[in-house]
Amino acid sequence: MGFRCGIVGMPNVGKSTIFNAMTSAQIESANYPFCTIEPNVGMVPVPDKRLDVLSKMAKTKNEVYAQMEFVDIAGLVSGASKGEGLGNQFLGHIRQVDAIAHVVRCFEDSNIVHVDGSIDPVRDREVINTELILADLETVSKRLSKTASQAKSGDKVYKAQLVILEQMHALLNDGKPARLLELDDTGKALMKELCLLTAKPVLYVANVSEEDIVTGNQWVDQLTEAAKAENASVVMISGAIEEELSGLSPEERQDFLADMGLEEPGLNRLIKAGYDLLGLINYFTVGEKETRAWTIRRGTKAPQAAGVIHTDFERGFIRAEVIAYDDFVACGGEVGAKEKGKLRLEGKEYVVQDGDCMNFRFNV
């Protein structure tokens, strides 16, 4: 089960610097627009201290973190929806991701040019959002015209779709993203079919200087206020710090963070925020050979969670042995949890909880 988060933004806002640090991929990062043309893709481990605890308890030989895929998409500029700045390619790349991390420049640096000549996070946010909205408006307009003709036949499906499309068109025409529209199952299916860019969940990444990483600045405040309009969150990060951290050993990294007054790298917060944005959780399988975190969507039932490991597990699902993470740790492991009655047998309707330690019984 793969989940992709696209990193977007205007040119020279620090997207590739952040991506480089995240993946240690050393993708070219230069001081000119459209340095990134083809999307760069990196698989990133999702930080989870619980996995470390479980691995130590089980004396595991192999520890496997959950993975999330990040895609570094080239800088968008005004007019991208009409093809400006290779816009059509970039918009196509955005259609292929599940969520958007929108990097916004919130730092001054005379050595790094801004494509619009000044630092203004609210303007930059609006430039990107406007291009995505315009692209969606074109998509919806075409479908609306087609469905309006089909609805004249009196077909109930087309008539229902027409109402939804008119609502979408009105919202987008008002400069608002499609994700703000409250839809029933029919509407959600139509939204998915249309692959609307503004239907994707979004979070904003305020890229700040080293000096502002703890306190923030006026630009971060402006971006946070603007993001409230679409119920979006803001993660503050310093690309410069993350780039430096990526070249240090684990011990040096901890000392560096302590000196900066930080508890963890900003990238950890970004990855976790992307995870939350997509409604993802982890469950664990624990053993001497391997302890692993498995990614599922919140609300997933036991058979489907088992299917993430192997389709046979879902097809032949009988029941799941479940120990909550806190109980597993408090009881000193699986044996202790069994002795204290903390191991539960759950059936097909069980909704897996974040942190569950699980074994599956199946027969095929």
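Note that this is a predicted model, so its numbers are computed, not measured.
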Tyr350-Asp356 side chain donor-acceptor pair, cut-off 3.5 Å: yes
How about Tyr65 and Asp52: does a side-chain donor come under 3.5 Å of a side-chain acceptor? yes
Taking the side chain from [X] and the backbone from [Y], do they hold a donor-acceptor pair closer than 3.5 Å?
X	Y	answer
Asp174	Ala170	no
Arg297	Leu278	yes
Thr198	Ala178	yes
Asn217	Cys106	yes
Asp98	Arg4	yes
Glu242	Gly266	yes
Asn207	Gly239	yes
Thr295	Asn282	no
Tyr283	Ala305	yes
Lys200	Val97	yes

Within a radius of less than 6.0 Å around OH of Tyr158, do more than 12 heavy atoms belonging to other residues, nucleotides or ligands occur? no
Pairs involving residues 183-197, ordered by first then second residue, that meet side-chain hydrogen bond (donor to acceptor under 3.5 Å, both in side chains) (sequence neighbours left out): Arg143-Glu193
Sequence neighbours left out, what pairs pass side-chain hydrogen bond (donor to acceptor under 3.5 Å, both in side chains) with at least one residue falling in residues 159-172? Ser141-His169
Qualifying salt bridge (charged side-chain N to carboxylate O under 4.0 Å, His left out) pairs, either residue in residues 278-291, two or more places apart: Glu290-Arg292
Taking only residues at least two apart or on different chains, which pairs with a member in residues 228-237 satisfy salt bridge (charged side-chain N to carboxylate O under 4.0 Å, His left out)? Arg125-Glu230, Arg179-Glu230, Glu225-Lys228
Is [Y] close to [X] at the side-chain level, that is, under 4.5 Å between some pair of heavy atoms?
X	Y	answer
Pro177	Asn129	no
Tyr325	Val53	yes
Trp219	Glu108	yes
Gln304	Ile296	no

Could you go step by step and tell me if Asp212 and Phe107 meet the side chain to side chain contact (heavy atoms under 4.5 Å, CB included) rule? CA-CA 9 Å; Asp212 293 331; Phe107 67 90; over 6 Å; no
How many angstroms lie between atom CZ of Phe284 and atom CG of Asp48, to the nearest 0.5 angstrom?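 Separation between the atoms: 4.0 Å.
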With rounding to the nearest 0.5 angstrom, report the NE2 to CD1 distance, His102 to Ile94. 9.5 Å
Do the side chains of Leu197 and Ile100 join up, straight or via other hydrophobic residues, at under 4.5 Å, putting them in one cluster?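 Leu197 clusters together with Ile100.
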Check whether Val351 and Ile318 end up in the same hydrophobic cluster, where Ile, Leu, Val, Met, Phe, Trp and Tyr are linked by side-chain heavy atoms less than 4.5 Å apart.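 Cluster IDs for Val351 and Ile318 differ.
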Rest of the hydrophobic cluster containing Met191 (Ile/Leu/Val/Met/Phe/Trp/Tyr, side-chain heavy atoms under 4.5 Å)? Ile133, Leu137, Val140, Leu144, Leu162, Ile164, Leu165, Met168, Leu171, Leu172, Leu180, Leu181, Leu183, Leu190, Leu194, Leu196
Full working for side chain to side chain contact (heavy atoms under 4.5 Å, CB included) between Phe362 and His310: CA-CA 11 Å; Phe362 68 101; His310 197 286; over 6 Å; no
Excluding sequence neighbours, so at least two apart, what forms salt bridge (Lys or Arg N to Asp or Glu O under 4.0 Å) with Lys272?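 Partners of Lys272 by the salt bridge (Lys or Arg N to Asp or Glu O under 4.0 Å) criterion, ordered by chain and then number, come out as Glu264.
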